[in-house]
Amino acid sequence: MITVLAAIAVLGLLLVALLTAGGAAVLRVTRASLAQVREASRLGSGLAAENRFDRATTALALAADPARTVAAVAIVRVTAQVVAIGAFTLLLARLLAPDWGVLLALVAAGLLAGLLLGRWSPRQMGFRRPRQVLLALSGLLTGIVRLFGWAARPAEAPAEDDPQDLADRTLESGVFADEEDKELIRSAFELGGTLAREVMVPRTDMVTVPADLPLRGAFSLFMKSGHSRLPVTDDDIDDIRGVAYLKDVVRHLESDPDGAPGRPITDLARAALFIPESKPIDDLLREMQSQARHLAIVIDEYGGVAGLVTLEDVLEELVGQMRDEHDRGAEDEPEEVGPGVYRVPARFPVDEVGDLFGLRFDDDEVDTVAGLLAKALGKVPLVGDSAEVGGLRLTAETVIGRRKQVATLLVTTNEPKDTDD
């Protein structure tokens with residue numbers, strides 16, 4: 001009798017371990033990996049290939065309804081666990097007469113089992129090697145599902161997984177250790193929850209080209225702005241006639257140097273892609289890819305132009321800010337480059353610029369020196385644009401990033417500071 005009880009306890013614990021690993025494998029395995037195994041086995045020859053093909057087919061059936069499979073396996077696993085514990089308790093009762101001795105032995109056995117499972121966990125094995133475990137246990141699990149699948153009541157899966165939860169589970173798997181990789185994965189999962197209005201260039205920062213501007217003038221605007229595509233506007237920014245491409249302008253100027261410079265840019269404008277500001281950027285990325293577009297005009301709920309979004313805007317949301325070899329980072333502090341001439345970052349506060357020259361600015365509408373220049377010009381400043389504001393000459397010097405935003409400005413005074421007592 002002692003031998004029988006020992007055998008029941010050992011076999012029960014072994015079955016519990018196998019079913020725990022199998023249940024974890026069903027939840028973690030991907031059907032694509034099992035399909036690859038089945039396809040590779042189908043192309044092979046011999047009895048081993050046939051057996052592997054059959055196991056892969058069975059495993060695919062189990063993975064097709066993982067909730068039902070896990071629920072059926074749980075019924076047998078819990079039963080085996082109860083039987084194993086009962087058999088082990090009866091075994092101890094026969095070997096140890098006092099009740100307190102049985103209790104102490106159970107405590108010791110529980111601690112030993114906990115230490116062993118801490119080092120070798122069937123569940124972790126199923127998570128780490130889901131395909132191999134499921135292929136090995138496909139026959140056992142299929143039999144259990146056939147016997148107890150009718151009694152299983154799998155929990156209803158959520159209609160839609162939360163992207164943040166998916167990202168967290170992926171990162172917690174430990175596959176990605178580098179912080180940059182983790183941020184990329186997190187951005188990829190969150191891409192569908194980001195709308196076009198969140199990544200667009202607002203209409204106040206858009207650089208546009210007038211429809212009647214000659215090609216020679218349009219070429220100069222392209223060179224000055226640093227952009228390769230510009231929206232073509234007629235009466236105002238809400239009247240978009242299309243998108244002008246630098247390569248089209250260069251091609252016409254090169255092929256017809258006499259007649260092309262005087263042609264209006266609207267003759268070369270291509271049809272613009274218009275999108276609502278509520279469009280998810282993962283859908284936008286697929287649309288831009290299918291239509292081979294790098295720029296789209298964003299329209300607000302009232303039909304006006306809210307801004308524009310480029311392919312780089314979407315990619316930067318995924319991988320972070322991108323710079324080319326010509327981009328120059330803005331300095332944090334002003335730099336004196338000559339007598340009475342300072343190079344200052346675009347976001348340098350207006351008040352502090354005034355302090356450099358002993359001047360005071362009472363302008364509550366702007367906070368930065370770049371905003372001060374934009375207000376004076378009445379448009380987005382480009383490289384070389386200059387204006388006089390409150391006794392200072394502001395000149396846009398360099399741009400940075402894909403949006404070609406002003407990075408640094410040169411500030412000088414038109415009137416030398418009075419140093420007399």
Side-chain angles (χ1 to χ4, degrees), residues 158-171 176 180-209 211 221-222 225-234 236-249 265-266 268-324 327 380 399-405:
E160 183 177 352
D161 288 327
D162 180 32
Q164 185 62 49
D165 290 342
L166 291 174
D168 291 340
R169 287 200 297 269
T170 301
L171 297 177
F176 301 96
E180 293 184 358
D181 293 339
K182 290 182 178 180
E183 187 62 31
L184 180 61
I185 294 297
R186 187 176 290 106
S187 299
F189 275 108
E190 294 175 352
L191 199 62
T194 305
L195 304 181
R197 63 168 170 263
E198 298 178 46
V199 301
M200 71 180 182
V201 178
R203 61 182 287 153
T204 53
D205 292 339
M206 287 174 54
V207 179
T208 62
V209 53
L221 182 58
F222 273 112
S225 67
H227 296 291
S228 60
R229 300 169 182 84
L230 291 175
V232 179
T233 60
D234 198 353
D236 54 46
I237 197 172
D238 289 318
D239 189 6
I240 302 290
R241 291 303 181 91
V243 178
Y245 286 64
L246 175 60
K247 61 181 180 181
D248 293 339
V249 175
I265 187 64
T266 188
L268 304 185
R270 302 190 188 188
L273 173 63
F274 294 92
I275 63 167
E277 61 180 355
S278 58
K279 191 178 188 68
I281 62 174
D282 57 343
D283 294 340
L284 174 60
L285 181 60
R286 284 191 289 268
E287 184 175 354
M288 297 178 81
Q289 183 180 19
S290 64
Q291 298 191 24
R293 303 291 187 90
H294 284 244
L295 184 147
I297 305 298
V298 183
I299 304 299
D300 61 25
E301 59 181 315
Y302 303 105
V305 173
L308 64 83
V309 62
T310 66
L311 184 60
E312 290 81 2
D313 287 319
V314 180
L315 294 179
E316 280 194 351
E317 185 68 17
L318 182 62
V319 302
Q321 186 176 9
M322 297 183 294
R323 297 181 180 178
D324 61 30
D327 290 336
V380 178
V399 294
I400 188 173
R402 169 194 44 74
R403 295 185 180 182
K404 304 302 179 184
Q405 295 177 324

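Just so you know, these numbers use all the heavy atoms, side chains as well, and skip hydrogens, waters and symmetry mates.
Within the 4.5 Å cutoff, the side chain of R270 has heavy atoms near those of the D248 side chain. Looking at V243 and L230, their side chains never come closer than 4.5 Å, going by heavy atoms from C-beta outward. Looking at T233 and D238, their side chains never come closer than 4.5 Å, going by heavy atoms from C-beta outward.
Among all heavy-atom pairs drawn from F222 and Y245, the shortest one is CZ-C, 3.9 Å. Annotation for V232 and A211: closest pair CG1-CA, 3.6 Å, computed over non-hydrogen atoms. Closest approach of D313 and T310 over heavy atoms only: OD2-N, 2.8 Å. For the residue pair S225 and V207, the shortest heavy atom distance occurs at CB-CG1, 4.1 Å. Contact between L295 and I297 at its shortest, heavy atoms only, is CD2-CD1, 3.8 Å. For the residue pair V298 and P276, the shortest heavy atom distance occurs at CG1-C, 4.3 Å.
Separation of atoms CG (L246) and CG (L221) is listed at 10.5 Å; rounding is to 0.5 Å. Here the CD1-CG distance, from I240 to L273, works out to 12.5 Å after rounding to the nearest 0.5 Å. Interatomic distance, E301 CD to R197 CZ, rounded to the nearest 0.5 Å: 8.5 Å. Atoms CG and OG1, from D234 and T266 in turn, are 7.5 Å apart once rounded to the nearest 0.5 Å. Interatomic distance, L311 CG to M288 CE, rounded to the nearest 0.5 Å: 5.0 Å. Atom CD of residue Q289 and atom CD of residue Q291 lie 11.5 Å apart, to the nearest 0.5 angstrom.
Across V309, L308, I299, a single residue satisfies side-chain contact (heavy atoms from CB on, under 4.5 Å) together with I275, and that is V309.
Side chain of D283 to main chain of R286: no donor-acceptor pair is present (N/O by atom type, distance under 3.5 Å, no hydrogens or angles).
Annotation for E287: atom CD counts as buried by contact number, over 12 foreign heavy atoms lying within 6.0 Å.
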